[in-house]
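Whatever order the structure lists ligands and atoms in, that order sets their numbers, starting from 1. Along the sequence shown, residues are numbered consecutively beginning with 1.
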Amino acid sequence: MLKIDPATIPSHHLHRTLLSAVAPRPIAFASTIDAEGKANLSPFSCFNVFGVNPSTLIFSPSRSGRGNELKDTYLNVKEVPEVVINIVTYSMIEQMNLASTEFPRGINEFFKSGFTPVASEKVRPYRVKESPVQLECRVRQVIETGDGPGAANLVICEVVLIHVNEKVLDKTGAIDTRKLDLVGRMGADYYVRASKSSLFTLGKPVGNQAIGVDSLPEEVRMSNILTGNDLGRLGSLQSMPTAHEIEKAMASPDFRTISIKHGGMIAEIKQEAHLVARKMITNNEIHEALILLLAANSLEVTDL
Ligand SMILES: Cc1cc2nc3c(=O)[nH]c(=O)nc-3n(C[C@H](O)[C@H](O)[C@H](O)COP(=O)(O)O)c2cc1C
């Protein structure tokens with residue numbers, strides 16, 4: 001593994017390393033105003049949600065890496081501690097990118113980028129009409145992490161009103177991820193589009209028990225056929241197969257067929273058992289796969 005000490009590499013290299021590794025990042029399209037009421041709109045991918053009680057979002061209009069300038073968004077929230085964070089979808093990316101141009105202070109990026117400002121209800125900055133989710137926020141705190149180039153300015157926001165376009169809701173009134181078509185920021189100029197085949201589901205672990213990968217025999221853990229994901233699914237089972245289940249599997253016609261096919265060669269039988277188990281895991285037959293693996297694991301020459 002390459003070791004990188006942040007203190008010893010040029011800051012542009014450090015920036016690239018961290019932003020490539022910590023990705024994809026959601027994008028806060030932040031709408032703010034200055035003390036005179038002039039609007040500003042800029043994207044920030046150093047952004048996330050951190051709590052719901054109170055509902056807390058944090059984003060960072062950082063000091064510029066080259067000239068150490070403060071961003072207009074930061075200056076605005078110091079003057080008027082309110083912001084609307086608009087969620088960015090794929091249909092908005094080109095205009096969003098245009099809005100990230102470092103226009104002089106006071107220039108209204110709503111007009112520059114062609115987005116439509118809509119009055120908010122609880123805060124003064126405008127919402128972006130084209131965004132399907134608009135979060136009106138009050139700024140609770142701003143934490144400056146340093147005063148040098150690239151230092152973060154954490155804007156800690158409390159959401160006070162959420163607007164959701166009904167087009168992205170499911171039948172129960174909840175946001176349907178499949179309808180949102182969100183984008184995320186990666187390293188360099190890469191983005192990711194969260195839609196269609198790039199979406200997948202992963203159920204939360206059920207109950208409060210899981211046997212854990214450490215309960216699997218070494219031969220299973222060290223398998224050159226099973227993947228880390230396979231081991232994760234096996235380790236998520238709620239209980240180990242019983243001795244009776246394993247014995248029954250060893251006496252089954254399927255297991256006998258594998259033994260005969262490989263002429264009693266234990267290494268080959270085990271190899272095939274791992275291949276079959278892998279298919280079973282793919283078919284969601286996790287418990288049965290573990291029975292087969294434990295049956296193969298218990299094979300001794302005398303069993304054949
Ligand atoms: C997708 C995207 C994400 C960005 N994320 C950040 C970020 O997290 N922090 C930051 O300081 N600048 C970020 N930028 C750059 C700012 O948008 C840019 O500096 C902008 O001009 C700041 O505008 P302002 O001075 O009007 O606040 C990002 C740009 C893009 C296109």
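- Contacts with ligand 1 closer than 4.0 Å are made by backbone heavy atoms (N, CA, C, O) of Thr101 only, the side chain lying farther away.
- Polar contact check, Tyr74 against ligand 1: no nitrogen or oxygen pair lies under 3.5 Å apart.
- At a heavy-atom cutoff of 4.0 Å, ligand 1 is contacted by no atom of Arg105, backbone or side chain.
- If you look at Tyr191 next to ligand 1, the close heavy atoms, those under 4.0 Å, all belong to the side chain.
- Close approach to Pro61 involves these atoms of ligand 1, each under 4.0 Å from a residue heavy atom: 11 (O).
- Within a 6.0 Å radius of CZ in Arg221, other residues, nucleotides and ligands contribute more than 12 heavy atoms.
- Remark: the backbone N or O of Thr32 is not paired with any side-chain donor or acceptor of Asn40 at under 3.5 angstrom.
- Looking at atom 24 (P) of ligand 1, its nearest protein heavy atom turns out to be Ser42 OG, 3.3 Å.
- Using a 4.0 Å cut-off between charged side-chain N and carboxylate O, Glu102 and Arg66 make no salt bridge.
- When every heavy atom of Glu79 is checked against every heavy atom of Ala35, the shortest pair comes out as OE1-N, 2.7 Å.
- Summarising the contacts of atom 11 (O) of ligand 1 with Ala30, Ser62, Gly65, the nearest heavy atom is found in Ser62.
- In this structure a side-chain-to-backbone donor-acceptor pair under 3.5 Å is present from Arg25 to Leu19.
- Set against the non-hydrogen atoms of Glu109, the atoms of ligand 1 under 4.0 Å away are 26 (O).
- Arg185 contributes a side-chain N or O that, together with a main-chain N or O of Ala188, makes up a donor-acceptor pair within less than 3.5 Å.
- At the top of the distance list for atom 8 (O) of ligand 1, counting protein heavy atoms only, stands Cys46 N, 2.8 Å.
- When each of Tyr74, Phe29, Phe44, Phe47 is tested with Phe59 by the rule ring-ring contact (aromatic ring centres under 6.0 Å, His included), just one qualifies, namely Phe44.
- Of the listed options Phe29, Phe44, Phe103, Phe44 places a heavy atom closest to atom 10 (C) of ligand 1.
- For atom 22 (C) of ligand 1, the closest non-hydrogen atom on the protein side is Lys71 CD, 3.6 Å.
- When hydrogens are left out, the protein atom nearest atom 25 (O) of ligand 1 is Asp72 N, 2.9 Å; that is the closest non-hydrogen contact.
- Scanning the protein for heavy atoms near atom 16 (C) of ligand 1, the closest one is Pro43 O, 3.6 Å.
- Distances from ligand 1 to the non-hydrogen atoms of Arg63 include no value under 4.0 Å.
- When all heavy atoms of Asn297 and Lys270 are compared, the closest pair comes out as O-NZ, 3.7 Å.
- With a heavy-atom cut-off of 4.0 Å, Ser60 touches ligand 1 through its backbone alone.
- The closest donor-acceptor contact from the side chain of Arg193 to the backbone of Leu182 lies at 3.5 Å or more, if one exists at all.
- Ile269 and Ile260 fall into different hydrophobic clusters, defined by Ile, Leu, Val, Met, Phe, Trp and Tyr side-chain heavy atoms under 4.5 Å apart, directly or through other members.
- Exactly one residue among Thr282, Leu290, Asn284, Thr227 makes a side chain to side chain contact (heavy atoms under 4.5 Å, CB included) with Arg233. That residue is Asn284.
- The protein heavy atom nearest to atom 27 (O) of ligand 1 is Thr73 OG1, 2.5 Å.
- For atom 5 (N) of ligand 1, the candidate residues are Gly106, Ser64, Ser45; the nearest heavy-atom contact is made by Ser45.
- A pairwise comparison of heavy atoms in Met186 and Ala23 identifies CA-CB, 3.8 Å as the closest pair.
- In the vicinity of Asn97, heavy-atom distances shorter than 4.0 Å reach the ligand 1 atoms 31 (C).
- The single protein non-hydrogen atom nearest to atom 3 (C) of ligand 1 is Arg185 NH1, 3.3 Å, given as residue, atom name and distance.
- Nearest non-hydrogen protein atom to atom 21 (O) of ligand 1 is Ser100 O, 2.8 Å.
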